[in-house]
Amino acid sequence: ELNDNQVREKDLNAPNNNDNNGETNDDKNGTNYRRNISPLSINEIDIRQCNTCNNVTNDKLTPNCYLSVNIKKNRLDYIGKYLPITATECLKAYFAKECIENYKCDKCNQISSVTKFRRLTSYPKILTMHFNRRMGGHIIRDKVRFEKTICLKDEWMMGATNDDDGAIKKTTHEGKKYKVKSIIKHISDMQGGGHYIAYRNVCKDDSIKIKRATVGDKNVLTVNTIKGRWIEANDDSLKEIKFSETVQQCEAYMAFFEAC
C-alpha cells in the first residue's frame, strides 16, 4: 500500500510533456502543483487507491475557498447527553479514509473495493471552514466547540507545503497551527430565511470604535478603542464579548483561521 508521500512523489516525478502552446499535460490535468498553488486558496485533491492492485488515481486538483465539513454527533457525556463536536473532529472526519465497494479499477480491471480520501497540496495562509448544517429539509443546530488554535496535520497533506514564493518543499514538522480569527453564525428558519451574526477577534495592532451614544433620535458610534478582544457584529450593533462565554461553543456556520 502506498503512503501519502509515495503518492506525492509519483505525481511530482511524472514527466511534463509540452504541447504546441507551451502548456504541459500536468497543467491540463491539474497535477502541476506549483502552477496551481495560490496563497489564498485551499488546493485539494481526491485520491482513490485500489485495494487489489494498489493503483492510485488522483482527481484533478481543485482550488477551493473553504473546506465544507459535516457536523456529526459522536460523543456522549456521563449522563448520556451529546457533547459539542469540536472543529478538530470535523477536520478529522473530512480527511478520513473511507472504503467504497464494487469499484472497477482501470488498471487491474477487477471489481473490488477502493480506499478514497482527500489531501491538500499546501498549507493555506487563511483556513476557512464551512459547517454543513442542512441534511435534507432538516437544519442541524448542534454547537461546535473551538479552541483558540487548531492544527492542520501533516498526514492530511500530500507531503508538500508552500514557502514565501509559492514553491513546493517537503514538510519536516507535524503540522501547521492556525488561530481562530472570526466566526459567522447563521440564525435560520425552515422557510429558508435567516440572519447572520459575526464574531471577530480584534488584533493587538487593530482597533474598533464600538461605544454608542444618542444624538437626537439616532444612535452613533463614538471613540472607544479595544485591542486583542472579541466583538460581536449584529447588523449595525457592535459589542464586546468573551471568547469563553459566546464564541467557544456556538452554532457556527463558517470559521476563519489565520496561520500562526
Side-chain angles (χ1 to χ4, degrees), residues 1-14 26 29-51 54-72 74-75 85-100 114-132 144-181 252 254-260:
E1 181 179 355
L2 299 179
N3 58 38
D4 291 346
N5 287 332
Q6 290 173 314
V7 172
R8 171 186 174 273
E9 294 296 337
K10 171 181 175 295
D11 292 324
L12 293 183
N13 293 331
D26 285 347
N29 61 31
T31 58
N32 188 336
Y33 295 159
R34 181 186 295 273
R35 179 163 179 158
N36 284 277
I37 283 179
S38 168
L40 297 182
S41 69
I42 302 175
N43 298 289
E44 177 183 329
I45 290 183
D46 285 339
I47 301 171
R48 296 180 300 276
Q49 181 176 358
C50 176
N51 293 331
N54 292 330
N55 180 53
V56 175
T57 303
N58 296 352
D59 285 346
K60 185 174 181 179
L61 182 144
T62 305
N64 293 319
C65 297
Y66 55 81
L67 302 181
S68 185
V69 301
N70 293 324
I71 299 175
K72 182 180 179 181
N74 59 358
R75 295 191 305 156
I85 190 171
T86 67
T88 297
E89 288 170 341
C90 290
L91 282 178
K92 287 181 179 179
Y94 186 81
F95 291 109
K97 296 182 178 182
E98 60 176 321
C99 184
I100 300 176
V114 62
T115 299
K116 182 179 179 181
F117 52 98
R118 301 181 180 95
R119 291 297 179 261
L120 303 183
T121 65
S122 62
Y123 288 106
K125 293 184 178 179
I126 302 296
L127 172 63
T128 304
M129 293 177 63
H130 163 256
F131 298 92
N132 185 13
V144 178
R145 181 178 177 86
F146 294 91
E147 300 299 334
K148 291 186 177 181
T149 60
I150 196 171
C151 182
L152 270 183
K153 295 185 177 181
D154 243 8
E155 61 189 80
W156 300 335
M157 312 300 293
M158 290 285 286
T161 186
N162 54 325
D163 51 23
D164 292 339
D165 62 359
I168 296 176
K169 61 182 181 180
K170 292 184 178 180
T171 56
T172 57
H173 47 82
E174 296 181 354
K176 190 173 185 65
K177 288 187 176 182
Y178 292 78
K179 53 186 175 182
V180 59
K181 297 297 296 181
M254 297 194 76
F256 302 84
F257 303 83
E258 183 180 51
C260 296

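Reckoned from all heavy atoms, side chains included, excluding hydrogens, waters and symmetry mates.
You'll find the side chain of N64 stays beyond 4.5 Å of the side chain of T128, heavy atoms only. Looking at heavy atoms from C-beta onward, I126 lies in side-chain contact with E258 at the 4.5 angstrom threshold. Put simply, the side chain of V180 does not reach to within 4.5 Å of the side chain of I150, judged on heavy atoms. By the 4.5 Å heavy-atom criterion applied to side chains, Y178 and Y123 are counted as neighbours. Looking at C90 and L67, their side chains never come closer than 4.5 Å, going by heavy atoms from C-beta outward. At least one side-chain heavy atom of K153 sits less than 4.5 Å from a side-chain heavy atom of K92.
Taking the ring centre of F256 as origin, the terminal cationic atom of K181 falls outside the region bounded by 6.0 Å and 45° from the ring axis.
In this structure F131 satisfies the ring pair (Phe, Tyr, Trp, His ring centres under 6.0 Å) test together with F146, sequence neighbours excluded. Under the side-chain contact (heavy atoms from CB on, under 4.5 Å) criterion, N132 pairs with S68, N70, H130, R134, not counting sequence neighbours.
F95 CZ: more than 12 foreign heavy atoms inside a 6.0 Å radius.
Nearest approach of K176 to A259, heavy atoms of both residues: CE-CB, 3.6 Å. Taking every heavy atom of both residues into account, V114 and C50 meet most closely at CG2-N, 4.0 Å.
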